S.K.: 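Dropping a structure here in structure tokens format, bear with me for questions.
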2 protein chains.
Amino acid sequence: MTCDYLKLENQLCFPVYAASRLITREYQPFLKELGITYPQYLVLLVLWEEDGMLVNTIAQKLILNTNTITPLLKRLEQQGFVKRERSMTDERKVIVNLTTNGKQLKEKAHVIPEGIAERILGTGIGLERLMILKDNLHSIISHLSK
Amino acid sequence: MTCDYLKLENQLCFPVYAASRLITREYQPFLKELGITYPQYLVLLVLWEEDGMLVNTIAQKLILNTNTITPLLKRLEQQGFVKRERSMTDERKVIVNLTTNGKQLKEKAHVIPEGIAERILGTGIGLERLMILKDNLHSIISHLSK
DNA sequence: TTAGATAATATCGTTCGCGATACAAATATA
DNA sequence: TATATTTGTATCGCGAACGATATTATCTAA
């Protein structure tokens, strides 16, 4: 049996890449309502869990570099959702805090996971397979992010 | 049992998004050698399967819009891997053909899937789970891309 | 205490990804 | 055969991603 590995169909990379863009697309109508982008939503998810994080800590959680996070945080600051301030004890560090507006946004965001879950489960994949999918991705992530 | 759906950990979106970037990162050393980017590699994968495709057909295969593909093809043309020409019979259509250089690149690219497969399987996920993962992603893709 | 190393963040340049829109060619309709 | 609609591609603008590099601040070791 021959198998051409240089076919799109046979690659793992493409399904992950395409699924990522398609899933992100599902978030658009919800995020548009909140006035934020998908990566901005991820940053807020992190801050909603624990406020007052360092730029670096946020970057690590999202597996992004500061050269992506810094301008993103500036936009979130301009929109009035976070404020950034240098640490008193170590002036290299920048602490990111949610504003009142940023905290309030969490309440509006509660509809998002439900809406998306509904949409994804509507693909017929089933909750159990979805959990397995998530676990497999997590194991790939934990190994490749080292 | 309480479950906060607004936690990064509990979302499906993030693992897919992170895995996509991490897997793409694995391609970098290989692609750097060929002098192309990851999306450019995807376009070439498509053309290596079937040369002389229309811009739109390539876009559909990769689930991308022409406003992403067009500038990408221009760069591939500048680098001498493809050439674009208007169809004689329908001047709206642009046919994308591989150059000799573009065809030759396929031979150099054969090492990529093997190298990546090795790296991914090195995460300990196992070939079988990898196949299931791919299938699940494909079913999500086919439903969301409608 | 001071030069060198390290750490935390930021800047710059290039390429995507995509919504909105434009534009020309082809097709359909009146 | 004019006019409207559709089709295929391209343009524009903005916000990621990220490699390379810069800029401070802190730490470390001579």
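What you see is a predicted model; the values in this text were computed from it and never measured. Protein chains get the first letters and strands the later ones, always in sequence-line order, with residue 1 at the start of each.
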S.K.: Please give, in whole Å, the distance from dT23(D) P to R86(A) CZ?
M.R.: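 The distance from CZ of R86(A) to P of dT23(D) comes to 14 Å, rounded to the nearest Å.
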S.K.: Does T37(A) have a side-chain nitrogen or oxygen under 4.0 Å from the phosphate oxygens OP1 or OP2 of dA16(D)?
M.R.: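 Checking T37(A) against dA16(D): at least one side-chain N or O falls below 4.0 Å of OP1 or OP2.
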S.K.: In this structure, how many angstroms lie between the P atom of dC14(D) and the CD atom of Q79(A), rounded?
M.R.: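 One finds 14 Å between P of dC14(D) and CD of Q79(A), rounded.
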S.K.: Among the nucleotides dT24(D), dC18(C), dG19(D), which one has an atom lying closest to any side-chain atom of R92(A)?
M.R.: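 For R92(A), the side-chain atoms sit closest to dT24(D).
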S.K.: Mark yes when over 12 heavy atoms from residues, nucleotides or ligands other than R84(A) sit less than 6.0 Å from its CZ; otherwise mark no.
M.R.: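 Enclosed.
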S.K.: Can you confirm whether more than 12 heavy atoms, excluding those of E50(B), are under 6.0 Å from its CD atom?
M.R.: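 Open: at most 12 neighbouring heavy atoms sit under 6.0 Å from CD of E50(B).
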S.K.: Decide yes or no on side-chain contact (heavy atoms from CB on, under 4.5 Å) for L72(A) and L76(A), but give the supporting numbers first.
M.R.: CA-CA 6 Å; L72(A) 204 157; L76(A) 279 176; 4.1 Å; yes
S.K.: In whole Å, what is the span from the CZ atom of R75(A) to the C1' atom of dA16(D)?
M.R.: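 Rounded to whole Å, this separation is 7 Å.
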S.K.: How is L64(B) classified with respect to the nucleic acid when contacts are heavy atoms under 4.0 Å: base, sugar-phosphate, or nothing?
M.R.: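 It contacts sugar-phosphate atoms only.
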S.K.: Would one find a side-chain N or O of K93(B) under 4.0 angstrom from OP1 or OP2 of dA10(D)?
M.R.: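 So the side-chain polar atoms of K93(B) never come under 4.0 Å of the phosphate oxygens OP1 or OP2 of dA10(D).
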S.K.: Within the distance-only criterion (no hydrogens, no angle test), does the side chain of T70(B) pair as donor or acceptor with the backbone N or O of N67(B) below 3.5 angstrom?
M.R.: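 Pair absent, no side-chain N/O of T70(B) close to backbone of N67(B).
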S.K.: Rounded to the nearest Å, what distance is computed from the OH atom of residue Y41(B) to the C1' atom of nucleotide dT15(C)?
M.R.: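 In whole Å, dT15(C) C1' and Y41(B) OH are 19 Å from each other.
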S.K.: Regarding L72(B), tell me which of base, sugar-phosphate or nothing describes its non-hydrogen contacts under 4.0 Å with the strands shown.
M.R.: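 Answer is sugar-phosphate: L72(B) comes under 4.0 Å of backbone atoms only.
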S.K.: So which one's nearest nucleotide on DNA chain C is more toward 5', P39(B) or I95(A)?
M.R.: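 Result: I95(A).
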S.K.: Rounded to the nearest Å, what distance is computed from the NZ atom of residue K32(A) to the P atom of nucleotide dC14(D)?
M.R.: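 Distance, rounded to whole Å: 16 Å.
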S.K.: Within the pair R84(B) and dA10(D), is there a side-chain N or O less than 4.0 Å away from OP1 or OP2?
M.R.: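 So the side-chain polar atoms of R84(B) do come within 4.0 Å of the phosphate oxygens OP1 or OP2 of dA10(D), strictly under.
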S.K.: From C-beta outward on V55(A), which listed nucleotide comes closest to its side chain: dT9(D), dT9(C), dC18(D)?
M.R.: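 Between dT9(D), dT9(C), dC18(D), the one nearest the side chain of V55(A) would be dT9(C).
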S.K.: In whole Å, I'd like the distance from the CZ atom of R21(B) to the P atom of dG19(D).
M.R.: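 Going from CZ in R21(B) over to P in dG19(D) covers 11 Å.
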S.K.: Please compare T68(A) and Q40(B) by the position of their nearest nucleotide in DNA chain C and report the one closer to 5'.
M.R.: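 Looking at DNA chain C, the more 5' nearest nucleotide goes with T68(A).
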S.K.: Classify the ring geometry between Y27(B) and Y41(B) as parallel (under 30°), tilted (30 to 60°) or perpendicular (over 60°).
M.R.: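 Plane angle between 30° and 60°, so tilted.
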S.K.: Going by modelled atom types, is there a donor-acceptor pair between the base of dG19(D) and the side chain of N65(A) at under 3.5 Å?
M.R.: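 Looking at the base of dG19(D), it does not pair with any donor or acceptor on the side chain of N65(A) (distance under 3.5 Å).
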S.K.: Can you tell me if T99(A) uses its side chain to pair, donor with acceptor, with the backbone of F81(A) under 3.5 Å?
M.R.: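 Yes; judged by distance alone, with no hydrogens or angles, the pair exists.
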S.K.: If you look at every strand shown and take non-hydrogen atoms under 4.0 Å, does S20(A) touch a base, only sugar-phosphate, or nothing?
M.R.: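 The residue S20(A) makes no contact with any strand.
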S.K.: Kindly say if K74(A) contacts the phosphate of dA16(D), meaning a side-chain N or O under 4.0 Å from OP1 or OP2.
M.R.: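 So the side chain of K74(A) is outside the cut-off, no N or O lying under 4.0 Å from OP1 or OP2 of dA16(D).
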S.K.: Whole-Å distance between dT9(C) P and E85(A) CD?
M.R.: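 My rounded result for the distance is 13 Å.
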S.K.: If only side-chain N and O atoms of N67(A) are considered, is one of them under 4.0 Å from the OP1 or OP2 phosphate oxygen of dG19(D)?
M.R.: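 Negative; the distance criterion is not met.
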S.K.: Specify the separation, in whole Å, of atom CG of D90(B) and atom P of dT9(D).
M.R.: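 Value for this atom pair: 8 Å.
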S.K.: Determine the contact category for Q28(B): base if any of its heavy atoms lies under 4.0 Å from a base atom, sugar-phosphate if only primed atoms, P, OP1 or OP2 are that close, otherwise nothing.
M.R.: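 Counting heavy atoms under 4.0 Å across all strands, no contact is made by Q28(B).
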S.K.: Would one find a side-chain N or O of Y38(B) under 4.0 angstrom from OP1 or OP2 of dC18(D)?
M.R.: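 No, because none of the side-chain N or O atoms of Y38(B) sits under 4.0 Å from OP1 or OP2 of dC18(D).
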S.K.: Using the closest heavy atom to pick a nucleotide of DNA chain D for each, name whichever of I63(A) or T66(B) lands nearer the 5' end.
M.R.: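 Upstream on the strand: T66(B).
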S.K.: With heavy atoms under 4.0 Å as the rule, sort S87(B) into base, sugar-phosphate or nothing.
M.R.: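 Touches nothing.
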S.K.: Is there a side-chain polar atom (N or O) of T70(A) under 4.0 Å from OP1 or OP2 of dA10(C)?
M.R.: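 Result: yes.
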